[in-house]
Amino acid sequence: MHPGELNALAHLISESERLTYLDPHAALSLAESASRLAPACKDTLLAISAWRCYGTMLFAFGRIPDGQHAMFKALTLADAEDLVAERGELIQELACAYYTQGDYDEAIAYWADCIDTDGFTLSTRIHAYIGLGQVYYAHERYEMALQNHLDAKALILPPFDTDLHSRVLINLAADYAKLGRFDDVALELDEAMPLAEAAGNPEYIGEILVYRSAVALARGQIADAHTFLDQAVAMRRVWAWGEISQNLARGRVYLFEGRLDEALTAVHTALLRADEMGTCHKTFQAHHLLAQIYQRKGNTNQAEYFHRRYQEAFSRIVRSGTYAKLQALEARLNH
């Protein structure tokens, strides 16, 4: 690959990254073009960037297996050249993908690798704490999730990456919301919002608005809950995870208002998208919420059906072997 082609590849990557939130479809197309040039690229770091850029955009569109394939291409290059820091960042990206698909054993194994290897960045270690907390969260062990996310926050010292900092704070807000500590939720969100704005990350801004809606709902401020969700929807482009979260949140607000048909529409939309994306945790959340809505409608058969689906999904998540691996990973993190 001659210098002109190297420059062309670098330009494709930088333009994809620039357009990630402005025009995601264009960003995906540019990243795909970069991935086509990557195999002929002799600059390993540039080739890794191309594959990682493509994988990131595929994840954003909910194409998780395709995104994993791209990330594995990048990881193979990092392994071959013994690029330790890059390897760590790719491993944590893959761990997140496995987590999204509900393959918690595999996610834990990847996050464990983030801890065991010398030379990985502090960012990679923080991602491991976040991930561990998320798996506890999926197991509905919210106090344990909170502790690990507090551990992640303790590692962030200024100046630090605003994007990652806001991610930690959003996870803390999620934990506090499940624990009913809504004043703490509001505090974390107030800290996270300017960081997400400074990072130029509308995906995180959208998540913050979803949790602000949850705080408003908990306080009985229904109009505010809807307003925050409207703002979140306006921020969204194609981020599949955000679309699912927003529809689930809207379903909860409609359920609180007794607008049951609208609640069903919102949650069924979330379930359809979660099934397409293959995100196990969001799927069982949708099943649980649908069971509650159908129960309120007096449709016992549908309520029992979705409650059964919820229990089946939850039992697949909560396995004794997975919990033992969680505890082993936590012990290594705190060693």
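Remember, predicted model here, so these are calculated numbers, not experimental data. Along the sequence shown, residues carry numbers from 1.
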Would you please indicate yes or no on a ring centroid separation below 6.0 angstrom for [Y] and [X]?
X      : Y      : result
Phe306 : His268 : yes
Tyr98  : Tyr104 : no
Phe72  : His69  : no
Phe61  : His25  : yes
Tyr137 : Tyr142 : yes

Should the pair [X]-[Y] be classified as a salt bridge under the 4.0 Å nitrogen-to-oxygen rule?
X      : Y      : result
Arg308 : Glu304 : no
Asp224 : Arg212 : no
Glu140 : Lys178 : no

Side chains of [Y] and [X]: any donor to acceptor distance under 3.5 Å?
X      : Y      : answer
Gln147 : Asp151 : yes
Gln101 : His281 : no
Asn201 : Tyr21  : yes
Thr124 : Gln92  : no

Kindly compute the distance separating [atom1] ([X]) from [atom2] ([Y]), expressed to the nearest 0.5 Å.
X      : Y      : atom1 : atom2 : value
Asp163 : His165 : CG    : NE2   : 11.5 Å
Ile130 : Leu155 : CD1   : CG    : 10.0 Å
Tyr305 : Asn299 : OH    : CG    : 12.5 Å
Glu207 : Leu189 : CD    : CG    : 10.5 Å

- Message: Pair Glu89, Arg52 - check salt bridge (charged side-chain N to carboxylate O under 4.0 Å, His left out), show working.
- Response: CA-CA 10 Å; Glu89 289 299 299; Arg52 187 176 181 187; 3.7 Å; yes

- Message: Tell me which one of Glu197, Glu188, Glu203, Met193 satisfies side chain to side chain contact (heavy atoms under 4.5 Å, CB included) with Ile208.
- Response: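 Answer to the side chain to side chain contact (heavy atoms under 4.5 Å, CB included) test with Ile208 among Glu197, Glu188, Glu203, Met193: Met193.
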
- Task: Could you walk me through whether His287 and Tyr310 pass the ring pair (Phe, Tyr, Trp, His ring centres under 6.0 Å) test, one step at a time?
- Result: CA-CA 5 Å; His287 288 156; Tyr310 159 71; 8.3 Å; no

- Query: Is there a side chain to side chain donor-acceptor pair (under 3.5 Å) between Arg250 and Tyr254 once you walk through the steps?
  - Reply: CA-CA 6 Å; Arg250 187 80 75 179; Tyr254 284 143; 4.5 Å; no

